[in-house]
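Step one of this worksheet: look at the structure below.
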Amino acid sequence: MAASLRKTLFSTLIAGSCAAVLGLGLLSFGAFNSAKAADHGDAPLVSNDQGADIADVYTFLDPNDNNFVIFIITARGFIVPGESENLGFFQSNLNWRFAIENSGDANPDMNIEVTFADRNDFLDSQTSFIKIRTGSTPTASFTAPTTVSNARTATANPFVVTTDPATGIGFFAGMTDDPFFFDVSAELLFRDSLIQTPGSGNASVFDRGRDTFAGYNVMTVALRVPRTMIEGTAGNLLGFSGYTELAQRTKRSRSLGIRDKGRFINVDRMGIPAINTVFIPYPRKDEYNRGSTSQDAAGVYQSDIVASLTAFGTSTANIGILAGLAVTNGDILRLDMDVPNTGNGGGSNTAAAFPNGRRVGDDVIDTIVNIIANQQFGDPAPTGPVDNVDSNDLTFTNSFPFVALPHQPRANGVTDDGTRN
Ligand SMILES: [Ca+2]
Ligand SMILES: [Ca+2]
Ligand SMILES: [Ca+2]
Ligand SMILES: [Ca+2]
């Protein structure tokens with residue numbers, strides 16, 4: 001999407017952003033951070049708690065029927081196909097929270113929470129428990145099976161999609177291809193070069209064009225929700241951020257195993273791609289994940305983000321754009337539900353591209369890198385490849401949940417493992 005278009009979009013979506021916001025930035029690369037991805041391994045605690053580590057979040061209109069909104073959270077990145085039975089299931093003590101903001105501020109108004117029963121055996125489906133809350137009031141719930149992972153065949157099990165008859169909500173949970181694509185190593189080098197030469201950098205580091213995520217799987221939970229259920233006082237403007245939550249206290253004993261107690265506390269969160277990975281300094285990354293979007297809007301992380309962007313030589317105008325996205329009204333993906341989404345693989349028309357929500361096929365890192373680097377790759381941006389990884393390694397599907405089936409162990413005689421590191 002063009003930078004100018006983005007600016008227009010931002011000012012439309014983010015109420016009262018500009019004046020107060022200039023001076024914040026969102027995306028800085030490099031100076032202090034070892035950013036890894038959109039949100040894979042974004043902070044020390046979740047890097048060592050992989051089941052709870054959000055990889056990415058997405059929201060967009062269903063291109064097959066724009067009266068439905070798609071929400072996706074992926075977590076636990078980098079599952080090797082051969083380990084998909086050992087690793088490709090849902091832990092039962094984790095709460096996946098889809099936080100929906102529909103009044104135009106930084107505070108979620110509605111939450112859809114998903115938890116899972118224990119898996120009883122390899123190749124067994126798990127029961128998913130889906131609960132909808134408006135404020136703190138439970139308004140609906142239903143259950144659905146997960147899609148089972150298998151590491152024994154070259155063909156993946158087909159996706160199991162459940163539609164709840166009472167609410168009309170569609171649900172999917174299972175292992176999938178990781179829909180994110182991006183050359184992490186090249187981007188790290190580019191940020192280093194921006195620090196050396198602020199505002200310019202060395203774009204030739206992107207020549208290698210390798211997708212760090214190619215060939216790996218991720219755990220995915222996806223919802224297809226009627227627009228009429230989630231529309232609030234902000235009308236056509238919707239916000240979405242994803243959370244993973246664990247109990248406040250965990251007790252381990254030799255006789256009883258693990259027991260959780262207390263309310264859920266968020267251990268990871270995500271809205272706009274790359275905020276915690278790129279712009280928050282390492283010592284505050286865990287704190288950011290425990291934090292809230294209302295804290296973002298109160299400026300708790302503002303000076304850190306601005307410092308990161310300043311070190312990259314990002315212009316004041318572009319710092320303002322990024323601040324409007326992730327600081328002014330919190331680190332929340334914003335979707336204008338009146339902008340039609342059309343095309344294959346979850347949608348591909350330019351008008352509906354990130355940062356108007358985020359579709360699985362949107363090249364978000366190209367967009368963000370180009371804003372940080374002051375449109376050096378083109379304005380409108382990007383006019384050409386930035387990191388030379390410009391699409392997923394697998395073709396996205398044309399119906400819910402739109403992600404691709406998981407990578408499987410290769411059949412006899414197929415030696416290419418598909419990874420691109
Ligand atoms: Ca994460
Ligand atoms: Ca709100
Ligand atoms: Ca992929
Ligand atoms: Ca790209």
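These values consider heavy atoms only, across backbone and side chains, with no hydrogens, waters or symmetry-generated copies. Just follow the structure's listing: the first ligand is 1, and inside any ligand the first atom is 1.
- For an aromatic pair to be called close, the ring centres must be under 6.0 Å apart, and F402 with F396 fails this.
- Between the OD1 atom of N392 and the OD1 atom of D177, the angle centred on the Ca ion (ligand 3) amounts to 120° when rounded to 10°.
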Could you walk me through whether D164 and R224 pass salt bridge (Lys or Arg N to Asp or Glu O under 4.0 Å), step by step?
CA-CA 10 Å; D164 175 50; R224 180 178 184 268; over 6 Å; no
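- D42 contributes OD1 as its N, O or S atom closest to the Ca ion (ligand 1).
- Between the Ca ion (ligand 3) and D211 there is no N/O/S contact shorter than 3.0 Å.
- Using a 3.5 Å distance cut-off with no hydrogens or angles, the side chains of S292 and S294 do pair a donor with an acceptor.
- At the Ca ion (ligand 1), the vertex angle linking OD2 of D39 with O of I54 is 90° (nearest 10 degrees).
- Between F129 and F116, the distance separating the two ring centers is not shorter than 6.0 angstrom.
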Run the side-chain hydrogen bond (donor to acceptor under 3.5 Å, both in side chains) test on N93 and R259 for me, step by step, so that the C-alpha distance in whole Å, both residues' side-chain angles and the decisive distance to 0.1 Å come before the verdict.
CA-CA 9 Å; N93 62 341; R259 284 194 298 178; over 6 Å; no
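- Within D178, the N/O/S atom positioned nearest the Ca ion (ligand 3) carries the name O.
- Between OD2 of D109 and O of N107, the angle at the Ca ion (ligand 2) works out to 90°, rounded to 10 degrees.
- Stacking of R358 on the aromatic ring of Y58 is recorded, both the 6.0 Å distance cut-off and the 45° axial limit being met.
- Between F190 and F206, the ring center distance clears the sub-6.0 Å criterion.
- In this structure, Y243 has its ring center at least 6.0 angstrom away from the ring center of W96.
- The atom of D268 that is an N, O or S and sits closest to the Ca ion (ligand 1) is OD2.
- For D53, the N/O/S atom at the shortest distance from the Ca ion (ligand 1) is named OD1.
- The Ca ion (ligand 1) does not have A43 among its coordinating residues (no N/O/S atom, backbone or side chain, under 3.0 Å).
- Using modelled atom types and a 3.5 Å distance limit, the side chains of H407 and D178 yield no donor-acceptor pair.
- Here N102 fails the criterion, with no N, O or S atom under 3.0 Å of the Ca ion (ligand 2).
- When the N, O or S atoms of D393 are ranked by distance to the Ca ion (ligand 3), OD1 comes first.
- Draw a line from the Ca ion (ligand 2) to OE2 of E101 and another to OG of S103, and the angle between them is 80° (to 10°).
- Closest N/O/S atom of D105 to the Ca ion (ligand 2): OD1.
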